[in-house]
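Remember, it's a predicted structure, so these values are computed and weren't measured experimentally. Throughout, protein chains are lettered first and strands after them, A, B, ... in sequence-line order, and every chain is numbered starting at 1.
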Amino acid sequence: MKSSLSLFALIIGSFALSCYALVVIPQKQIGGLQPHFTEEEGKVVDPYPVRNRGVAERGRQVYKSEGCIYCHSQQVRDVQNGSDLERGWGERRTVARDYVFEQPPLLGSTRLGPDLANIGSAKWRNESTDPDDKRKPVKRDAAWQLLHLYEPQAIIKESNMPPYRYLFQTRKISGQRSAEALNLTGDDAPEDGYEVVPTAAAKDLVGYLMSLDRSHALPEVKSTAPAAAAK
Amino acid sequence: MDAVERASIDASTRGPVLFFLGNAVLWLLAATVLGLVTSIQLHQPRFLADIPFLTYGRLWPAYTNIITYGWASLAGMGVAIWLMARLCRVPVRFGGVLIVGAVFWQIGLTFGIINILAGRTTGIEWLEIPGTSAALMLVGYALVGLWGMLLFGLRKESSAYISVWYLLGAFVWFPWVFATAHLTKTLPQMQGVVQNIIAAWASHSFLSVWVTAVGLAIAYYLIPKIVNRPIFSYNVAAIGFGTFILCAGLTGAVRLSGGPVPAWLVTLSISANILLLVQIVTVAVNLVATMHDRYHMVYHSPTLRFTFFGVVAFLVGSVFGLLASLRSVDRILHFTQFQNAQLHIVLYAFFSMVIFGAIYYILPRLVGCEWLSASLITMHFYGSAYGGGTLISMLAFGGIASGLSFNDPDATFAQIVQMGAVYLPGASIGWVLIALGHLIFALHFLLMLLRIGQPGGQPTLFAPLEEQTH
């Protein structure tokens, strides 16, 4: 390090290498990924993934601005990297192509809560219940998600998720009780004559969650999930 | 270099360095409050949950941005300017430019934090601040970086000391990565997970390159200075620096281990991490051989005690980081609070402690009086060392416990949460101790700025020393 020229050459060369390896090559390799589709009689059939629009895109913004990514991941790892698939968090691992339309992909790096990559999939929603399943999975549909958002501990006692009450509005019932009003019981229930209804942000957020389904088959990944209810 | 020249160079840095350090201490206090609040929110989920801008999902990114770009960056730049001027034997001219740089930096950062709290974030972890913020911060940094380079260009010392290598690395690295990361974020052709790869590269190397380089530069200067013995080996340090500069920038993809990215990226980063073992060994050899038979001085010199603690934390943290990046370990610890423990080992137990050591050394030379009270310094040390130790070990144990339980597919998620939750109140206790230490430190710092201290000219030591060492 006697000559300052060689010192600078070493520093700049090394950083150029790091930039090339971790920015330029990945962009060349997967930056141009396109959705997968099949062609039937010259027509594009069953493209995946598709771009989020409407409710799902607005809900994605809520997910982003409330910082959901700091507790929830949206990436399913392969069997050799953990128990995600055995846990029923997805049909398959997620791959780069799953995220081509996301600006940016909300992968998340911490799991203080469960992974949400497939929370809108049939398996997560548990809508078709298997009578033999001893766990008796609850039906996790949009109404369940709204209730959970308002008061997580009312549904899962041990939950460490904060309640998102500011995404809801408590208002006086005028005339008939709203069809959207939450079915709250016990301490969580509002006073008589009042009801708790979701704001537009809460409905968008749940709409987005219900749209999350990365179980579509892709040629680059084999489906390896054992049949188990998501837990 | 004689004492008169040294004093005149120190004096030339007074304005800008005090400005950087003083503002950094304010950001440190803000980070401390947010660190404590977010830690409490992890075991008391209802805490502040009804106020949108104070919820965990917004406070946590505000905390990480403040502790890295507010505290660590400003304090690191402040000490780096002082160190560069001393090592190059060049007085700082037009120090006002540096102050303007710090002002730009902080306006950008403040604007970014307001955006995060208001829910307007880019959604990319560690790059949450908007482009406008990043641009303002980059302008601020450019002024500081240019001044650092200028000092190097004008140097009167022909051979560059080890610390100068590390500082130059840091000066060059930051604008490069920060600009690339924030620019690519806005480019439409950067789609999908490439954005996450770039974010992992930028944010991980902020710790593994910038923070590490500045921290080691300071330690390589202060430790030989205080034990009054030249560094054991230049050649060993050169091998370490070469390995570091080549490999540290390649380690970022470990953050995406197992994720939806090409597997070779992660393999590359793990390999780079393993090669960095060479640097860890060189730092350890130089530390042990330089401090040899003078370890007792940590009982006398506050600067040495903090700096020594920091370097040991660097060694421990690097080894843990290396182990945690191996795939067999990563499958357990990825996504857990262990990552958070690693962040705090690097940023707090290593870097912040070295910075504290440097501030205890530099400030008396800038303001012209010695620290008022050795007991206040002792209390700060205990708060930071025991508080930081508690925080890091609780996060690490909690991460290991929930990670092990996570790998058992029969454990429900509620059970996993409970495995880790046992340790979270402990982390908050760690934060309380840290907060007490920081309050005492900030008070002591303020007293120094007001020139309330010991005028004697003798350094404030924990215990008197038989021989003169400064």
Side-chain angles (χ1 to χ4, degrees), chain A residues 1-2 4 7-8 10-12 14-15 17-19 21-23 26-27 29-31 33 64-71 73 75 77-78 80-83 86-87 93-96 98-100 102-107 109-112 114 152 156 158-166 231, chain B residues 41-42 45-46 49-50 52 55-58 60-61 119-125 159-160 165 168-169 172-173 176 180 184 189-198 201 238 242 245-246 249-250 252-253 255 258-262 265 268 331 335 339 406-409 412-414 417-418 421:
Chain A
M1 243 57 66
K2 294 226 162 56
S4 56
L7 178 62
F8 271 105
L10 177 68
I11 291 173
I12 292 177
S14 302
F15 292 163
L17 175 72
S18 125
C19 191
L22 271 74
V23 178
Q27 170 64 15
Q29 190 184 355
I30 55 173
L33 271 179
K64 215 168 81 173
S65 64
E66 297 312 319
C68 304
I69 56 164
Y70 300 104
C71 295
S73 60
Q75 48 175 319
R77 308 213 292 176
D78 217 344
Q80 72 268 25
N81 283 319
S83 65
E86 294 162 88
R87 212 161 264 292
R93 65 166 298 195
T94 53
V95 290
D98 285 308
Y99 305 92
V100 287
E102 303 193 26
Q103 280 291 357
L106 303 170
L107 294 184
S109 63
T110 308
R111 283 176 177 169
L112 288 167
I156 300 160
E158 305 87 348
S159 173
N160 56 352
M161 179 169 146
Y164 280 85
R165 298 204 168 185
Y166 60 86
K231 58 184 181 271
Chain B
Q41 283 174 326
L42 287 186
R46 281 164 197 280
D50 290 330
T55 51
Y56 181 81
R58 297 191 191 179
W60 174 256
R120 287 189 294 274
T121 145
T122 61
I124 308 178
E125 236 170 315
S159 66
W165 313 339
L168 287 178
V172 175
W173 178 85
W176 184 330
T180 312
T184 52
Q189 57 267 45
M190 290 286 176
Q191 61 157 7
V193 293
V194 177
Q195 297 174 72
N196 302 84
I197 297 171
I198 295 172
W201 168 69
I245 209 76
L246 204 60
L250 296 172
R255 293 202 172 192
V261 297
L265 270 174
L268 173 73
R331 79 191 294 264
F335 298 122
Q339 307 172 126
F406 192 82
N407 268 258
D408 166 16
T412 63
F413 200 82
V417 166
Q418 284 176 314

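- In this structure, B:Arg58 forms no cation-pi arrangement with A:Tyr70, as its terminal cationic atom is not both closer than 6.0 Å to the ring centre and no more than 45° off the ring axis.
- When A:Arg111, A:Gln27, A:Glu158, A:Met161 are compared by the number of non-hydrogen pairs under 4.5 Å with chain B, A:Arg111 comes out ahead.
- Residues B:Thr55 and A:Pro162 form no side-chain contact, since every pair of their non-hydrogen atoms from C-beta on lies 4.5 Å or further apart.
- Looking at B:Leu246, the atoms closer than 4.5 Å to chain A (heavy atoms on both sides) sit in the backbone and in the side chain alike.
- Side chains of A:Ser109 and B:Glu125: a donor on one and an acceptor on the other come within 3.5 Å.
- For the pair A:Leu22/B:Ile198, no side-chain contact is recorded, criterion being any heavy-atom separation below 4.5 Å from C-beta on.
- For the residue pair B:Gln195 and A:Gln103, a side-chain donor N or O sits within less than 3.5 Å of a side-chain acceptor on the partner.
- Annotation: maximal heavy-atom pairing with chain A below 4.5 Å, among B:Gly258, B:Gly169, B:Ala49, occurs at B:Gly258.
- Residue A:Val95 touches chain B through its backbone alone, counting heavy-atom pairs closer than 4.5 Å.
- The contact between A:Leu106 and chain B is made entirely by side chain atoms (from C-beta outward), counting heavy-atom distances below 4.5 Å.
- Taking 4.5 Å as the limit, every side-chain heavy atom of B:Val417 sits out of range of all side-chain heavy atoms of A:Ser159.
- Both the backbone and the side chain of B:Leu250 come within less than 4.5 Å of a heavy atom of chain A.
- For a residue to count as touching a neighbouring chain, one of its non-hydrogen atoms must lie under 4.5 Å from one of that chain's; by this rule B:Asp50 touches chain A with backbone and side chain alike.
- Using a 4.5 Å cut-off on side-chain heavy atoms (C-beta onward), A:Thr110 and B:Phe335 make no contact.
- Counting heavy atoms from C-beta outward, A:Cys19 and B:Trp201 have side chains that approach closer than 4.5 Å.
- Both the backbone and the side chain of B:Thr121 come within less than 4.5 Å of a heavy atom of chain A.
- To the nearest 0.5 angstrom, A:Cys71 atom SG is 7.0 Å from B:Leu42 atom CG.
- Distance check: A:Glu102 CD to B:Asn196 CG gives 9.0 Å after rounding to the nearest 0.5 Å.
- Residues B:Val261 and A:Pro26 form no side-chain contact, since every pair of their non-hydrogen atoms from C-beta on lies 4.5 Å or further apart.
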Going through the checks in order, is the side chain to side chain contact (heavy atoms under 4.5 Å, CB included) test met by A:Leu33 and B:Gln191? CA-CA 9 Å; A:Leu33 271 179; B:Gln191 61 157 7; 4.2 Å; yes
If you apply the rule side chain to side chain contact (heavy atoms under 4.5 Å, CB included), what do you find for A:Ile12 with B:Trp176, and how did you get there? CA-CA 10 Å; A:Ile12 292 177; B:Trp176 184 330; 4.1 Å; yes
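- Contact tally against chain A (heavy-atom pairs below 4.5 Å) for B:Tyr56, B:Trp60, B:Trp173: the top residue is B:Trp173.
- Ranked by heavy-atom pairs under 4.5 Å with chain B, the list A:Ile69, A:Leu107, A:Asp98 is led by A:Leu107.
- Only the side chain of A:Ser73 comes within less than 4.5 Å of a heavy atom in chain B; its backbone stays farther off.
- The shortest distance between side-chain heavy atoms of B:Val172 and A:Phe8 falls below 4.5 Å.
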